[in-house]
Structure formats: C-alpha cells, structure tokens
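Following: one structure in structure tokens, then a few remarks.
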Amino acid sequence: MAGAAAEERRLATVVESWLGRPVLVIGDAMLDEWRFAESDRLCREAPAPVLTLRRRISAAGGAANTAVNVAALGGRAVLVAPVGADVAGDELHDCLDRAGVWDRTVAQPGRHTPVKRRMLAGNQILLREDSGDPDDALDGDGVQRLLTALECATEELRAAAGGEAPTLVVCDYGLGALPAPVRAWLVAARDRYATIALDAHDLADWRGLAPTVVTPSFAEATRLLARAASRTDSHLHLDHPAADPADGPSELSVGTAPGAAGSPAVSAPAGVPGAGAPGNGVPGAAPPAGVPLGRPTGGTGEPTPGEDRVAMTGDGLSVTGTGVTVSALAGAGVDRAVLAEARLAELRAHTGADVVAVTLDTEGAVVGGADGASRRSHSTPVPASHAVGAGDAYLAAMTLALAAAAPLPTAAQLAQLAATITVSDTGTCVCRREDLLHALGARGDDAGHPVLVAPDELAAIVEIQRGAGRSVVFTNGCFDVLHPGHVRYLEQARALGDLLVVAVNSDGSVRRLKGPDRPVNPVEDRVALLAALACVDHVVIFEEDSPAGLIEVVRPDVYVKGGDYPPEMVPEAPLVRRLGGQVRTLGYVPDRSTSAIIDRIRAHGHGTVPGGPERVDARRRSAVPGEPEQVDAHGSTASTPGRPA
C-alpha cells in the first residue's frame with residue numbers, strides 16, 4: 001500500500017513538472033458538434049425515428065482538441081492550423097478561447113472548416129455527418145500565411161519560455177492542413193524543437209522528421225509495415241498505396257470484412273456501443289480477433305468497392321484501403337498486442353522515432369523505446385460515444401511527459417491514465433490536470449505545493465499558474481465557524497476562475513475585528529477545515545486587518561466578497577481594479593451565518609430559543625459563576641461588508 005502511494009506521488013510530481021511547458025500544435029483542426037435529441041415515434045414517410053433536438057454542444061476536434069488537452073493538462077498550448085472563414089470556424093475560435101489555447105489559426109477564405117456532426121438519441125449515436133472537403137488544398141497564399149504563422153508561433157513560445165525550445169505536436173489526419181511545403185519546413189526546422197510528437201494517418205509522409213514519439217493506431221502501424229515490406233518481400237503485393245479517407249484522428253470502425261475469398265468477416269451495425277472507437281490507445285470498443293477494423297468512406301462498416309489490397313500472409317493480417325483485418329491463425333485468435341510488440345523495432349526504424357506507441361483502442365497500447373523493451377498498458381471498454389477524442393488526451397499527456405524528461409514507462413502510464421479517465425460521458429474527451437491528479441490521489445493544482453502556504457510561497461505559485469494561462473480568484477475572511485453558507489460561497493467563488501486562494505485572518509486579527517472572545521476556533525483549526533474543501537486550492541494566513549498586502553502580491557483576476565451589496569462598497573475594490581482585476585460580491589445562504597450558529601449554541605446552553613423573549617444578551621456575564629464574559633457574536637458578515645465570518 002505504501003509502495004502504491006509512493007508511485008502515485010512520483011507520477012503526480014511529473015504532472016506538476018510539465019506545468020506551463022510550451023507546446024506548439026499544428027495540423028488538421030476541426031469542429032465536433034454534438035446534437036442530443038429525443039424520439040418517441042416513427043415518421044410516416046419511412047421507418048425512421050422523428051427526432052426532437054434538445055441540446056447542442058460544440059467542441060474542438062482533431063488537432064484543436066489535442067491543443068485543448070495540452071492546455072487542460074497544464075501546458076502552454078499554441079495552435080497553428082488553417083480554419084475556414086465560416087460559422088464553424090468562429091465556433092472553433094470560441095472553443096479555443098474558452099480552453100486557454102493561444103489561437104494562432106489562419107483564416108482561409110473559400111475553404112470550409114471541417115465539421116463532424118453527430119446526432120444522438122440517449123447516448124446512442126444515430127448518424128454522423130462530415131463536412132469539409134479534404135481535397136480542397138491550400139493555395140500558394142494560404143501555404144505562405146500558414147508558414148508565417150508557424151514561424152511566429154515558434155518564436156513567440158520560445159520568448160515566453162525564456163529562450164527554451166518549445167515542444168511540437170504534428171496532427172496529420174489527411175484533411176489538407178499539412179501540404180508538402182509545410183512538411184518540408186518542419187523537417188528542415190527539426191532542431192528548433194526539443195520534443196516532437198507525431199500522430200499521422202500516413203506515417204510514410206514524415207520519415208525525415210525524426211520525431212521523438214509517434215502514436216499510430218494498429219491499422220496505421222500495419223499499413224506502414226506493409227508498404228515497407230512490399231518493396232522487399234515477395235510474399236506481399238501492393239497495387240498502389242492504400243490511402244486513408246479523411247476521417248480525423250485515428251478513428252477505427254468495425255464493419256464488414258473486405259471481400260477477399262476465405263477472409264473471415266464479422267460485422268457490427270453502425271452506432272452500436274462497442275462498434276467503433278478511436279484508435280489512439282483509448283477506451284472505446286475493440287472487436288475480437290477475426291473482426292476487421294477499417295476506416296470506410298461509405299456507410300460505417302462498408303468497404304469502398306474496388307479497393308486494392310495489401311496482404312501480409314505470415315501474420316494473419318490483411319491491409320486494405322479501409323484498414324486492417326485481423327484474421328485467424330490455425331483456428332486461434334490473433335492478439336494485436338503481440339503482433340504490435342513484435343514489430344516495434346521495425347516501426348521505430350521506418351519512422352525514425354525514438355518512441356513508438358501503437359494504440360489498440362480498448363486493449364490499451366504497446367509502447368517501445370530505444371532500449372528495446374516494450375511496455376503494455378490496458379484500458380476499459382466503454383460506449384463509442386464516450387471515447388471520441390480520448391486519443392487526443394493520450395497524445396497530449398504522452399507528449400508533455402516526454403517533454404518533461406519523464407522515463408518512458410512513466411510517460412506511457414500517464415498517457416493511458418489520461419485517456420482512460422476522460423471517457424465517463426458522451427462528448428469530445430478532454431482530460432483536465434485536476435482530474436489526472438485526483439486519479440493519482442493528489443489535489444488538482446496542488447501537486448508539489450501544500451494547500452496551506454506562506455505569503456512568500458503564494459507569490460511563486462500564482463506566477464506559475466498565471467504563466468499556464470489560469471485565472472486566479474481571491475477571497476478572505478475569518479471563517480471562524482465553518483458552515484454551509486461558507487461552503488456554498490467558496491464553491492461559487494471557485495467557479496469564477498481556475499484557482500481559488502483563501503486568505504484567513506490570524507487569531508490576533510480576528511480579535512481586533514470581532515472582540516476579545518473571538519475567534520471561537522484557533523487559526524490552525526480554521527485553515528485545516530478550509531484546506532479540506534475540494535473547491536479551495538490554497539489557504540494563506542495574514543496578520544493584518546486588511547488583505548491589501550496579499551492582494552498586491554496575488555494580483556487576482558477576480559476578487560470575491562460575501563454580501564448583498566454592490567461591488568463598489570467593497571473597500572478593496574479600487575486596489576483590485578487598479579491591478580487589473582474585477583470585484584464580485586456573492587450572497588450567503590439564508591440563516592447560515594456564524595452569528596446565528598453561535599447564538600443557537602448559547603441559547604441552547606441557557607435553555608432559550610434564539611430570538612425569544614428570554615434571549616440572552618451575549619454581552620452580559622454568564623449565569624454560571626466563574627465563566628468568562630460572553631461577547632456578542634454579531635458583526636461578522638453584516639457589519640463587516642464582504643468579510644465572511
């Protein structure tokens with residue numbers, strides 16, 4: 001048990017170490033649109049359900065979602081990609097802004113932003129409509145503007161990181177964002193990037209890049225090997241390269257086997273949970289041996305008519321234009337992980353990568369490095385609608401871990417964990433740093449930093465968080481008797497930003513503000529309870545009567561006070577606004593105040609009801625001889641504007 005805890009702390013330390021690391025993402029950006037509908041009848045015209053749209057969600061997809069995951073995991077993400085000057089492009093810009101990604105996309109008039117629209121009833125995907133023409137190549141001006149953006153973004157990241165070489169992530173999904181001139185520029189500029197991660201449908205296009213890590217799906221890895229072997233092995237034949245349709249980042253579909261005689265075929269209908277999943281080593285749904293995996297251009301599960309075939313006769317594999325068929329050998333199922341593990345060295349040689357991570361959807365991933373050893377990770381099956389984009393989380397975490405000089409087993413472990421914890425619900429997957437740390441038993445935004453910090457420590461922590469693009473919320477108060485009103489208030493405050501810092505008055509400060517019999521609880525107890533709240537990131541104690549000194553240190557993006565009065569009445573408002581922040585006031589839960597709680601306790605001790613005719617004057621001496629004088633508990637929230645009791 002102690003060993004497991006130590007391992008979790010070690011992994012959490014790696015997650016902390018990549019905070020603010022500069023990462024440039026370039027490639028095919030798209031918009032994911034989710035339409036949630038209900039149906040209770042069939043239409044008259046055809047045996048089809050009548051759908052009533054209830055909710056619509058837009059999310060970044062493809063390279064854009066990889067950038068979003070990098071930012072959510074704590075990296076400093078910049079996205080360079082061509083985006084159409086259209087409504088979908090505007091929505092994609094909004095998604096990037098909300099995620100804190102530095103948007104350096106290049107508008108391409110006349111070119112549509114690729115969109116994947118999914119219609120669901122319940123959690124069942126009924127259909128997907130794709131728009132955006134992969135054959136709509138960038139013109140010369142578009143290529144030049146993309147190269148200019150790439151050059152500027154590289155230097156911008158280097159400057160922001162104090163001269164440190166940034167990390168590069170290339171997402172090539174065949175949608176036209178990375179034409180030959182852009183690929184040539186990246187190959188020539190290889191030395192300008194410290195770490196390079198490559199996720200590409202066609203790895204053969206990137207042989208000269210010598211990436212740090214490649215993350216092919218099983219289908220992509222097998223296709224690369226088949227093409228290489230066809231040039232030297234008489235047992236393989238290739239009529240022409242089997243090109244991938246433009247279907248985004250490594251999405252595999254289960255369907256009917258390509259029609260070769262004797263080839264086993266097991267089909268699964270489109271949209272059935274377990275019938276398809278991203279191939280980036282993420283939970284989804286994997287078929288048993290004998291079920292073909294493909295990337296159809298027609299309806300899901302239907303191969304393109306007349307496609308040519310690459311056959312790998314020795315391994316029980318066949319490769320077609322739509323993907324890979326895993327056949328049976330001597331009546332036994334073929335283990336894709338075993339096949340991938342046996343070919344890791346070849347894949348490294350053909351890609352020039354230091355690390356190869358062959359992703360196996362629900363079966364996890366097989367990862368190999370220069371030491372020749374292989375590492376296997378596992379995942380859990382989930383409905384396909386839960387796993388969209390989880391491969392982007394895998395790629396982002398793997399890249400950040402390797403960029404932070406983590407050992408390969410650690411990087412593989414964190415990447416699989418990041419992919420696995422994103423798939424709890426329908427939608428495009430994003431792994432937040434807080435969720436990853438929580439899965440490791442650590443607090444989000446706190447790994448490596450205690451919750452209770454000194455004022456000088458707080459300045460450094462805030463600087464790191466703000467450098468990572470996070471907003472800081474600050475509040476202060478006595479918090480003498482913690483109650484539901486406080487908890488609700490703090491939860492609302494935390495929702496206003498990414499990091500909540502709570503400053504607590506010391507015992508001496510409380511006595512000066514409230515009287516000699518306060519606080520009821522010493523500061524050690526007060527901060528311990530606050531630190532235990534999930535919504536509180538850091539707690540700091542201050543001795544002064546005013547938090548002005550701490551406000552100048554933190555320079556909060558949002559300063560929060562409790563009370564039902566306008567922000568202009570908050571004494572600290574001018575200082576906060578001068579420092580560039582905003583002031584918000586939040587009301588308390590009715591009848592949930594420190595004063596009311598203390599009154600009830602004292603009234604109970606005297607056998608009276610608060611507010612009744614025999615209500616005890618809290619300033620008079622107790623009826624019990626020898627007890628200390630009782631001091632009025634009022635003046636906490638109402639008499640001190642905005643100061644929680």
Salt-bridge test for [X] and [Y]: reply yes if a basic N is under 4.0 Å from a carboxylate O, no otherwise.
X: E91; Y: R56; result: yes
X: R223; Y: D202; result: no
X: R21; Y: E164; result: yes
X: R128; Y: E33; result: no
X: R76; Y: E156; result: no

Does any part of the side chain of [Y], heavy atoms only, come nearer than 4.5 Å to the side chain of [X], both counted from C-beta?
X: L24; Y: L150; value: yes
X: V106; Y: V83; value: no
X: L19; Y: R433; value: yes
X: S58; Y: D94; value: no
X: E363; Y: R376; value: yes
X: V182; Y: I26; value: yes
X: R494; Y: L533; value: no
X: D392; Y: C429; value: no

Test Y193 against every option in T167, T212, T154 by the side-chain contact (heavy atoms from CB on, under 4.5 Å) rule and name the one that passes.
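Of the listed residues T167, T212, T154, the side-chain contact (heavy atoms from CB on, under 4.5 Å) partner of Y193 is T154.
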Result of checking L178, V80, T105 against L146 for side-chain contact (heavy atoms from CB on, under 4.5 Å):
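Going through the options one by one, the only one that passes is V80.
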Let me know which of R192, R158, R104 forms a salt bridge (charged side-chain N to carboxylate O under 4.0 Å, His left out) with E151.
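When salt bridge (charged side-chain N to carboxylate O under 4.0 Å, His left out) is applied between E151 and each of R192, R158, R104, only R192 qualifies.
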Under 3.5 Å, is there a donor on one side chain and an acceptor on the other for [X] and [Y]?
X: R10; Y: T410; result: yes
X: D32; Y: T428; result: yes
X: N69; Y: Y394; result: no

[X] [atom1] to [Y] [atom2] distance, which is reported to the nearest 0.5 Å:
X: L402; Y: I196; atom1: CG; atom2: CD1; answer: 12.5 Å
X: D371; Y: D354; atom1: CG; atom2: CG; answer: 11.5 Å
X: L500; Y: C535; atom1: CG; atom2: SG; answer: 6.5 Å

Using atom types as modelled and distance alone, determine if a side-chain donor or acceptor of [X] lies under 3.5 Å from a backbone N or O of [Y].
X: S471; Y: D498; result: yes
X: R343; Y: L225; result: no
X: D130; Y: K116; result: no
X: W34; Y: L120; result: no
X: R55; Y: R35; result: no

Distance-minimising heavy-atom pair for L203 and L198:
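Where L203 meets L198 most closely, the heavy atoms are CD2-CD2, 3.9 Å.
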Taking every non-hydrogen atom, the tightest pair across V15 and L436:
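It is CG2-CD2, 3.8 Å.
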